[in-house]
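Right, one structure below, let's go through it.
Atoms within a ligand are numbered from 1 in the order they appear, just like the ligands themselves. Computed from heavy atoms alone, side chains included, the values below leave out hydrogens, waters and symmetry copies.
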Amino acid sequence: MVNSKHYDAIVIGAGPAGLTAGIYLSRARVKTVIINEGVAGGQMVLTHEIANYPGVESISGYQLSNIMKKQAQSFGCDIRTNVTVKNFSLAGELKSLELTDGATFTSHAIILAPGGRSRTLGVTGEDDYKGRGISYCATCDGDFFTGKEIIVVGGGNSALEEAVSLTKYASKVTIVHQFGHFQAFEHAVEEAENNPKINFIMQSAVVAFYGNEKLESVDIKDLKSGSTINFKTDGAFIFIGYVPNTEFIKDKIDLNQWGEIVVKNDMSTNIEGVYAAGDSTAKRFRQVTTAVSDGTIAALASANYLNELKIRQKQNILA
Ligand SMILES: Cc1cc2nc3c(=O)[nH]c(=O)nc-3n(C[C@H](O)[C@H](O)[C@H](O)COP(=O)(O)OP(=O)(O)OC[C@H]3O[C@@H](n4cnc5c(N)ncnc54)[C@H](O)[C@@H]3O)c2cc1C
């Protein structure tokens, strides 16, 4: 078939995890293709400035994505962007994929690196002020709010821990939470409650974001009385959960209760020859550095698996 090609390894997702896997595999002469839904770079492309990637003082996410992509291509890695997986079979030694553009690929190893996305509130103005006052990552963007007054939306461990960490930068942090109590560990609640920079607006929800060039205020609705106030703020950090992009594999591979891919130390999954890396896996910290680390481990482990498989196949022929 013209539109059909065999690779040693197929990587799904061209974020930092997938691109790193592509770099390592291709450099080890493992014939690799990366398939990506949109443009290469994943969530990095959404990041205005990355200032915590070791060795690079400050770089735009778009630039870092392009460097990683070119590095993978320089070692011979194929990268197919703006295309996604329609059907695939992971069982057995030979895996196969059918893409939305009609191409079909086969391989003996697969690395799943589809990343994820922060859960959004889905209210008026949220899309308009993403990256212009609204953030979903304190580690990434906290520094930009030094000396500013901000709000944090959420009431779980992440919201409370990140609110505390944001007090290193912000002059005042107001936590807005929909219930009258928090869904977090006691120590996290205590730490937030004892922090003099943190205030609370409970049983309330952010229902709209407003501003001009940047976010200037939010509407907060009191869920008991139904009344709404307009609240001035320089920034809003939203921590209401994380959604891994694993819907397309949910019936094919072991996921945990949050839809994250369950992996072992070598990033292998429950299916032989299938590895996973990056934000889509079950883990606590989601950063470019951790994605790059996962991508490295998945690539080295899958290259090892491919070597072992070759030896096994040779022995079977000789037997
Ligand atoms: C606004 C923002 C700012 C951030 N700032 C920083 C920062 O300053 N420093 C830092 O270290 N981290 C930062 N992060 C976090 C960091 O970007 C992520 O941890 C990292 O990108 C995760 O990498 P990944 O490769 O696992 O997944 P992703 O970057 O999410 O990439 C996954 C890729 O897979 C593709 N994909 C998904 N499903 C499919 C499919 N079915 N078929 C084909 N392709 C698919 C997606 O389109 C995407 O391109 C930030 C995140 C955001 C959202």
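Checking Asp219 against Thr228 by side-chain atom types alone, no donor-acceptor pair falls below 3.5 Å.
For the pair Thr32 and Gly22, the tightest heavy-atom approach, listed with the atom from each and the gap, is CG2-CA, 4.5 Å. The two residues Thr290 and Lys283 make their nearest non-hydrogen contact at OG1-NZ, 3.3 Å. Closest of all the heavy-atom pairs between Ser171 and Gly147 is OG-O, 3.4 Å. Of all non-hydrogen atoms in Asn36 and Gly15, the two that sit nearest each other are OD1-N, 4.4 Å.
Each of the atoms 43 (C), 44 (N) of ligand 1 lies under 4.0 Å from some heavy atom of Ile35. Under a 4.0 Å criterion applied to the non-hydrogen atoms of Gly278, ligand 1 contributes the atoms 26 (O). Interface atoms of ligand 1 facing Gly116, defined by a heavy-atom separation under 4.0 Å, are 30 (O). Proximity to Gly15 (heavy-atom distance under 4.0 Å) selects the following atoms of ligand 1: 25 (O), 29 (O), 31 (O), 33 (C).
Looking at Val288 next to ligand 1, an N or O pair under 3.5 Å apart turns up.
To the nearest 0.5 angstrom, Ser302 atom OG is 10.5 Å from Ile110 atom CD1. The distance from the OH atom of Tyr24 to the SG atom of Cys77 is 14.5 Å, given to the nearest 0.5 Å. Rounding to the nearest 0.5 Å places OG1 of Thr106 at 11.0 Å from NZ of Lys5.
At the top of the distance list for atom 10 (C) of ligand 1, counting protein heavy atoms only, stands Gln287 OE1, 3.3 Å. The shortest contact between atom 49 (O) of ligand 1 and any protein heavy atom is with Asn36 OD1, 2.8 Å. Nearest to atom 6 (C) of ligand 1 among the protein's heavy atoms is Cys140 SG, 2.9 Å. Protein heavy atom nearest atom 39 (C) of ligand 1, with residue, atom name and distance: Glu37 OE2, 3.7 Å. Closest protein heavy atom to atom 2 (C) of ligand 1: Thr47 OG1, 3.7 Å. Among all protein heavy atoms, the one lying closest to atom 17 (O) of ligand 1 is Gln43 CB, 3.5 Å. Of all protein heavy atoms, the one closest to atom 9 (N) of ligand 1 is Asn52 OD1, 2.9 Å. Looking only at protein heavy atoms, the nearest one to atom 18 (C) of ligand 1 is Asp279 OD2, 3.3 Å.
With a heavy-atom cut-off of 4.0 Å, Ala113 touches ligand 1 through its backbone alone. Residue contacts with ligand 1 for Asp294 are absent, since no atom lies close enough (heavy atoms, distance under 4.0 Å). In Ala17, the parts holding a heavy atom less than 4.0 Å from any atom of ligand 1 are both the side chain and the backbone. With a heavy-atom cut-off of 4.0 Å, Ile12 touches ligand 1 through its side chain alone.
The local environment of NZ in Lys252 is crowded, with over 12 non-hydrogen atoms from other residues, nucleotides or ligands closer than 6.0 Å.
By the 4.0 Å heavy-atom criterion, Phe248 is counted among the residues contacting ligand 1.
Between Val176 and Phe231 there is no side-chain heavy-atom pair separated by less than 4.5 Å.
Ring-centre distance between His177 and Phe182: below the 6.0 Å cut-off.
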